[in-house]
Amino acid sequence: MESFSSKSLALQAEKKLLSKMAGRSVAHLFIDETSSEVLDELYRVSKEYTQSRPQAQRVIKDLIKVAVKVAVLHRSGCFSPSELALATRFRQKLQQGAMTALSFGEVDFTFEAAVLAGLLTECRDMLLELVQHHLTPKSHSRIRRVFDHFSDPGLLTALYGPDFTQHLGKICDGLRKLLDEGKL
């Protein structure tokens with residue numbers, strides 16, 4: 001007996017199509033203006049820190065692909081009740097990370113790279129567990145690449161240093177707005 005599911009096939013096609021189109025124009029269809037501004041700043045920080053435009057583009061493109069795929073899975077009702085509970089914990093941990101980043105940005109001499117890196121690593125592990133049965137190993141490696149990049153203590157230290165003050169301010173403004181609007 002052949003098992004066929006048009007819903008499953010449609011979901012596969014949607015994920016594949018979205019992964020092929022994960023550029024700036026498509027991101028604006030799925031990501032609000034404030035999120036887009038934060039992503040643009042993260043791109044600038046990555047580009048300046050790594051001195052590599054292609055590497056910075058790849059990290060942001062991977063971040064967008066993962067965000068869109070997880071949103072599609074959630075919207076399509078693919079997560080079990082236990083996975084939805086994990087998704088809620090992931091969102092809470094992500095909010096905690098954003099509030100910690102804001103606090104470090106607003107209160108002088110409080111920044112600790114290890115704390116922020118630890119929160120991002122916990123988020124990575126939770127997200128990997130959430131999508132373990134839904135996304136391909138290639139998507140799992142994208143998740144690792146994005147979170148490992150942004151949890152790099154060197155990058156975090158540079159971001160909170162004097163050379164990146166303008167970028168940090170814009171990122172903090174965007175995070176604050178996303179938290180206030182309940183979008184993060």
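We use all heavy atoms of the structure for the numbers below, so side chains are in, but hydrogens, waters and symmetry mates are not.
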message: Check the orientation of Phe104 and Tyr160. Use parallel for under 30°, tilted for 30 to 60°, and perpendicular for over 60°.
response: perpendicular

- request: Say whether Lys183 and Ser35, considering side chains only, have a donor N or O and an acceptor N or O under 3.5 Å apart.
  value: no

query: Measuring from Asp148:CG to Leu155:CG, what's the distance to the nearest 0.5 Å?
result: 12.0 Å

Smallest separation among heavy atoms of His140 and Val131, with atom names: NE2-O, 3.4 Å

field: Contacts of Ser80 that satisfy side-chain contact (heavy atoms from CB on, under 4.5 Å) - sequence neighbours left out
entry: Ser82, Glu83

- request: Might you point out which heavy atoms bring His134 and Leu130 nearest each other, and give the distance in Å?
  value: CD2-O, 3.5 Å

Salt bridge (Lys or Arg N to Asp or Glu O under 4.0 Å) evaluation trace for Asp180 with Lys177: CA-CA 5 Å; Asp180 290 346; Lys177 187 174 179 183; over 6 Å; no

- request: Can you see which heavy atom on Ala113 is nearest to which on Leu156, and at what distance?
  value: O-CD1, 3.8 Å

- prompt: Rounded to the nearest 0.5 Å, what separation is found between the OG atom of Ser46 and the CD atom of Gln57?
  reply: 11.0 Å

query: After noting the C-alpha distance and the side-chain angles of Lys65 and Lys138, does the key distance pass the side chain to side chain contact (heavy atoms under 4.5 Å, CB included) rule?
result: CA-CA 11 Å; Lys65 283 182 178 185; Lys138 188 173 182 179; over 6 Å; no

task: Report yes if some heavy atom in the side chain of Asp40 is under 4.5 Å from a heavy atom in the side chain of Arg44; otherwise report no.
output: yes

Listing, residues 161-168 side-chain donor-acceptor contacts under 3.5 Å, not counting sequence neighbours, or none:
residue: Thr165; atom: OG1; partner: Pro162; partner atom: O; Å: 3.0
residue: His167; atom: ND1; partner: Glu41; partner atom: OE1; Å: 2.6
residue: His167; atom: NE2; partner: Glu48; partner atom: OE2; Å: 2.7

task: Nearest 0.5 Å please: distance from the CZ atom of Arg144 over to the CG atom of Asp125.
output: 9.0 Å

Spacing of Leu116 atom CG and Thr157 atom OG1 [to the nearest 0.5 Å]: 10.0 Å

message: In the structure I gave you, are the side-chain heavy atoms of Thr136 and Ser139 within less than 4.5 Å of one another anywhere?
response: yes

- request: Search all heavy atoms of Leu39 against all heavy atoms of Leu63 and return the closest pair with its distance.
  value: CD2-CD2, 3.6 Å

Ion pair Glu129/Arg89, N-O distance below 4.0 Å: no

- request: Verify, without hydrogens or angle tests, whether Ser76 (side chain) and Cys78 (backbone) share a donor-acceptor contact under 3.5 angstrom.
  value: no

query: Is Leu94 close to Leu127 at the side-chain level, that is, under 4.5 Å between some pair of heavy atoms?
result: no

- prompt: Under a 4.5 Å cut-off applied to non-hydrogen side-chain atoms, are Thr50 and His149 in contact?
  reply: yes

- prompt: If you take all heavy atoms of Leu175 and Val38, which pair is closest and at what distance?
  reply: N-CG2, 4.1 Å

message: Could you measure the distance from the CG atom of Leu128 to the CD atom of Gln132? Nearest 0.5 Å is fine.
response: 8.5 Å

Under 3.5 Å, sequence neighbours excluded: what are the donor-acceptor pairs made by side chains of residues 95-103?
residue: Gln95; atom: NE2; partner: Leu184; partner atom: O; Å: 2.5
residue: Gln96; atom: OE1; partner: Lys93; partner atom: NZ; Å: 3.3
residue: Thr100; atom: OG1; partner: Gln96; partner atom: O; Å: 2.8

- prompt: If we only count heavy atoms from C-beta on, is the Arg142 to Lys69 side-chain gap below 4.5 Å?
  reply: yes

field: Minimal non-hydrogen separation, Cys172 against Gly105, with atom names
entry: SG-CA, 4.3 Å

message: Tell me which one of Phe150, Phe147, Tyr43 satisfies side-chain contact (heavy atoms from CB on, under 4.5 Å) with Val59.
response: Phe150

